[in-house]
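Before any comments, here is the structure.
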Amino acid sequence: MYPYPSGDLHAGHWYAEAPADAAARFKRMQGYNVLFPMGFDAFGLPAENAAIKRNIHPATWTYSNIERMTEQFKQMGAMFDWSKRVVTCDPQYYRWNQWFFTKFYEKGLAYKKLSPVDWCPNCNTTLAREQVVGDERRCERCGTPVIKKNLSQWYFKITDYADELLDFAGMDWPDKVKTMQTNWIGRSEGAEVTFKSEQGDDITVFTTRPDTLWGATFMVLAPEHPLVDRLTTDDQRSAVEAYVERASRMTDIDRQAEGKEKTGEFTGAYAINPVNNARIPIWIADYVLMSYGTGAIMAVPYGDQRDFEFARKFGLDIVPVVRPDGVDEVDEADLSEAYAGPGVLINSGPLDGKVNNGEKGRDNPAVAAAIDWLEHHNAGREQVTYRLRDWLVSRQRYWGTPIPIVYCDACGIVPVPEDQLPVELPSDVAFMPTGESPLRSHEGFLNTTCPECGGAAQRETDTMDTFIDSSWYFFRYLSPGLDSAPFDRTLANAWMPVEQYTGGIEHAILHLLYARFFTKVIRDLGLSDVDEPFTRMFNQGMILGEDNEKMSKSRGNVVNPDELVTEYGADTVRAYLMFIGPWDEGGPWNSDGINGITKFFNRVWSLVLEPATDDGAANEADRKALRRAVHIAIKEVSEDFQNFQFNTAIAELMTLSNAMSKAKSSTMVEADEWREATRTLLTLLAPIAPHLSEELWHRLGHSASVHLEVWPSFDPTATELDTVTMAVQVNGKVRAQIEVPKDASKEDILVTAKANDNVARYVEGANINREIVVPGKLVNLVVK
RNA sequence: GCGAGGAUGGCGGAAUCGGUAGACGCGCUAGAUUUAGGAUCUAGUACCGCAAGGUGUGUGGGUUCAAGUCCCAUUCCUCGCACCA
């Protein structure tokens with residue numbers, strides 16, 4: 001994932017990019033054709049805030065940050081291909097955001113709608129549902145609790161792709177991310193049922209439990225439901241209006257602060273339950289959300305805890321409709337909570353006796369029977385509902401892609417034609433955050449002519465959510481300079497999808513969901529054949545301050561990578577970050593530990609370059625042992641890189657260098673095995689410490705780069721041993737170690753084991769009941 | 001409340017088709033070298049114990065010749081969602 005150009009590279013950037021670079025280098029040495037690009041997510045609020053605070057233009061601030069961060073990335077020694085760099089605030093990039101917007105509009109995937117939206121009072125802009133986080137409903141960017149506003153905004157119809165987005169087939173992604181996306185999309189199977197009010201209005205509800213329809217004893221509408229005003233009777237009007245007014249003024253936080261205590265008001269109206277013609281009261285309550293389903297529910301207090309609480313509080317009827325297995329009779333008066341489990345349907349007319357097995361949808365015989373009944377009687381139909389909402393993409397801010405729409409009194413909404421793109425962001429605007437886009441007060445931008453009729457018209461002044469920029473930038477890497485299309489189709493079909501993507505878990509249901517959606521629309525626009533953007537996804541953890549807290553200036557626990565590079569060198573910083581622990585776990589920085597890497601690299605240096613001081617003779621067994629250590633390292637390090645286990649890869653390299661230190665002697669350094677060892681050590685180390693390994697490689701006399709070396713191949717015969725050490729246990733406790741030929745028979749192993757003095761001590765005078773031999777591992781003698 | 005993940009020495013962490021727990025590193029102890037050294041090298045370092053030996057992977061059970069690893073229960077921590085009908 002490309003970074004936001006915030007200023008300087010911080011420890012988190014290093015933690016995200018250095019191991020990714022090591023993995024890319026490993027793949028290149030293995031012979032793969034690797035494209036490892038870097039770019040900048042350059043639109044966004046911090047640039048505008050910097051402009052307001054320091055009186056510097058967002059573009060100036062952004063581009064100077066990009067320059068600085070690019071230099072810092074080069075210091076890291078990362079192999080980024082800078083010729084492929086993508087900068088999203090560049091008009092040559094964002095013109096394609098605008099182009100996509102018009103294509104979405106043509107396809108009906110972009111639309112404008114007036115509705116209550118989430119508004120961040122600090123950022124002064126609307127937000128997408130995905131950008132409101134936590135139980136206090138805070139702005140994802142700045143942490144301020146959001147409020148509701150009724151505004152006309154542009155949306156992308158991501159809900160059209162809900163079902164396809166639930167399909168993760170062939171994707172090697174963390175289960176956590178797949179689960180989070182699945183829950184976010186929130187598919188529910190059930191039925192849509194239409195009730196009629198006594199005045200004759202259709203009131204449609206969604207339910208996952210149509211089998212409990214005969215237990216519906218009242219209806220509840222969301223306070224914002226459009227029928228509330230019509231249905232409310234005169235004698236109830238003042239109470240209902242007061243309730244609606246109160247609900248509209250309450251924030252979501254206030255609603256939650258009231259806990260789960262139910263509130264509501266009777267409208268005075270009644271509806272007819274279509275399955276049994278029962279006359280049931282219609283209430284309004286804020287526990288029914290206008291934004292989910294149809295904004296109205298049938299209430300089945302017997303089977304739903306919320307409806308149960310509501311019924312008990314307001315004295316409404318409760319009709320038992322499911323008899324749990326093993327219960328003879330259900331008495332409504334005895335109930336203390338709703339029953340949502342399996343059982344047999346009762347009091348349900350034609351469905352009496354049907355079995356509710358607790359499964360969802362048509363897998364449940366009772367639900368299937370209910371849907372069939374509804375469809376047969378024209379009272380409802382099978383229906384699927386999603387939690388996912390359409391993506392609100394309008395932002396009332398300056399530093400983003402202008403939405404390429406013109407409003408004409410004569411022609412209405414007119415997309416800007418392709419040959420007039422990009423709609424460039426004017427540079428001379430006032431950045432005061434007024435709650436309206438700063439572009440609104442820029443006359444030259446605002447006033448234009450209609451592309452269709454040529455009459456006076458006004459531009460849309462909102463800009464696009466920056467998550468649009470990041471939804472397709474990976475395509476742009478393939479042909480960043482192209483000005484005839486967003487990307488080269490042939491290259492895209494050859495290179496995409498991204499075979500390995502890495503980034504933080506915080507984008508599990510933001511960027512990673514939007515990018516999947518965009519990729520599918522790009523496919524459906526006929527621009528590529530790619531279904532999914534990222535085949536394999538890995539979430540690295542977060543690097544914390546030494547105090548085990550998130551790094552922040554106010555805590556004073558920020559680790560500055562520039563200072564570390566000055567003191568220890570880039571390779572040491574890279575390697576230490578990889579050594580600290582598993583990459584997906586992250587963890588606290590520890591300034592003591594980095595010395596271990598410094599010592600390791602110093603040891604490698606002298607191992608390769610210093611003459612041997614010990615003039616002991618190396619015999620054939622010594623040379624064989626060294627070769628064995630080398631090939632164990634090749635095997636382990638290769639597997640570790642493949643699995644992104646950089647910490648154990650470095651541990652293996654340390655083990656190899658320790659073995660080499662022990663083996664080094666004036667005769668050994670003349671041997672082929674020693675030359676293989678040094679060559680292997682440097683090639684295995686190259687992805688982790690690219691500068692050090694290159695320097696040593698050249699000092700050894702090579703003229704080509706170590707980074708162009710072929711990854712060493714593992715020779716299994718080199719690691720085979722003539723004898724193996726086995727543990728001997730007596731009753732599961734280790735009592736001795738024995739050495740046996742590697743292909744010794746079980747019988748021979750047992751003879752050797754029993755001959756051991758210490759084993760004999762524990763076995764003496766007892767019966768051996770069982771003898772377990774795991775060849776090459778251990779012997780366990782069970783005695784009594 | 002629902003869902004996911006985790007708990008191993010003084011510290012970061014190794015090891016899970018069940019098979020010698022603590023690889024590798026930090027720190028610490030002792031020694032060597034040194035005018036000196038936050039340098040380097042050597043040896044040691046889970047805990048209790050003089051030793052023999054015993055005990056140990058959050059807690060309590062279970063399966064097994066054998067459990068960090070499998071099963072049941074439970075505590076705590078982290079993350080995500082949350083009146084979603």
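Below, chains carry the letters A, B, ... as their sequence lines are ordered, and counting in each starts from 1. Since the model is a prediction, treat every value here as computed from it, not as a measurement.
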Please state how far atom CG in A:Leu289 lies from atom P in B:C83, giving the value in whole angstrom units. 7 Å
Identify whether any heavy atom of A:Asn658 sits under 4.0 Å from a base atom; if not, whether one sits that close to sugar-phosphate; answer base, sugar-phosphate or nothing. sugar-phosphate
Kindly state whether the ring of A:Phe310 and the ring of A:Phe218 have centres lying under 6.0 angstrom apart. yes
A:Tyr762 near the nucleic acid: base, sugar-phosphate alone, or nothing, with a heavy-atom cut-off under 4.0 Å? sugar-phosphate
Looking at every strand, decide which applies to A:Gln737 at a 4.0 Å heavy-atom threshold: base, sugar-phosphate, or nothing. base
Calculate the interatomic distance between A:Asn731 atom CG and B:C65 atom P; express it in whole Å. 12 Å
Need the glycosidic conformation of B:G9: syn if within 90° of 0, anti if not. Which one? syn
Within the pair A:Lys733 and B:G53, is there a side-chain N or O less than 4.0 Å away from OP1 or OP2? no
Using a 4.0 Å heavy-atom cut-off across all strands, classify A:Arg389 as base, sugar-phosphate, or nothing. base
Over all strands shown, is A:Asn780 touching base, sugar-phosphate only, or nothing at heavy-atom distances under 4.0 angstrom? base
Without decimals, in angstroms, what is the distance between A:Phe308 CZ and B:A85 C1'? 17 Å
Take the protein atom NZ of A:Lys360 and the nucleotide atom P of B:C2, then report the distance between them rounded to whole Å. 13 Å
All N/O pairs under 3.5 Å across the protein-nucleotides 44-49 of chain B interface:
none

Just checking A:Thr725: base, sugar-phosphate only, or nothing, at a heavy-atom cut-off of under 4.0 Å? base
Rounded to whole Å, please give me the gap between CD in A:Glu261 and P in B:C83. 16 Å
Should A:Arg761 be listed as having a side-chain N or O under 4.0 Å from OP1 or OP2 of B:G53? yes
Check: A:Phe467 ring centre within less than 6.0 Å of A:Trp391 ring centre: no
Atom pair distance, as rounded to whole Å: CG in A:Leu213 and P in B:A85: 16 Å
Provide a list of protein-nucleic acid N or O atom pairs under 3.5 angstrom, restricted to nucleotides 4-14 of chain B.
unit_1 : atom_1 : unit_2   : atom_2 : d
B:G12  : O2'    : A:Ile580 : O      : 2.5
B:G13  : O3'    : A:Asn647 : ND2    : 3.4
B:A14  : OP1    : A:Asn647 : ND2    : 3.0

Is the closest basic N to carboxylate O distance between A:Asp118 and A:Arg137 below 4.0 Å? yes
Would one find a side-chain N or O of A:Arg770 under 4.0 angstrom from OP1 or OP2 of B:C65? yes
Toss me the dot-bracket line for RNA chain B: Watson-Crick and G-U wobble, both under 3.5 Å, 5' to 3', using | for pairs to another strand and [ ] for crossers. (((((((..(((......[....)))((((((.......))))))(((....)))..(((((..]....))))))))))))....
Taking atom NZ of A:Lys313 as the centre, report whether more than 12 heavy atoms of other residues, nucleotides or ligands fall under 6.0 Å from it. yes
Taking CG from A:Asp640 and P from B:G25, how many angstroms apart are they, rounded to a whole number? 15 Å
Contact class for A:Val782 (heavy atom, under 4.0 Å): base, sugar-phosphate, or nothing? sugar-phosphate
Using a cut-off of 4.0 Å on non-hydrogen atoms, how would the nucleic acid contact of A:Lys178 be classed: base, sugar-phosphate, or nothing? nothing
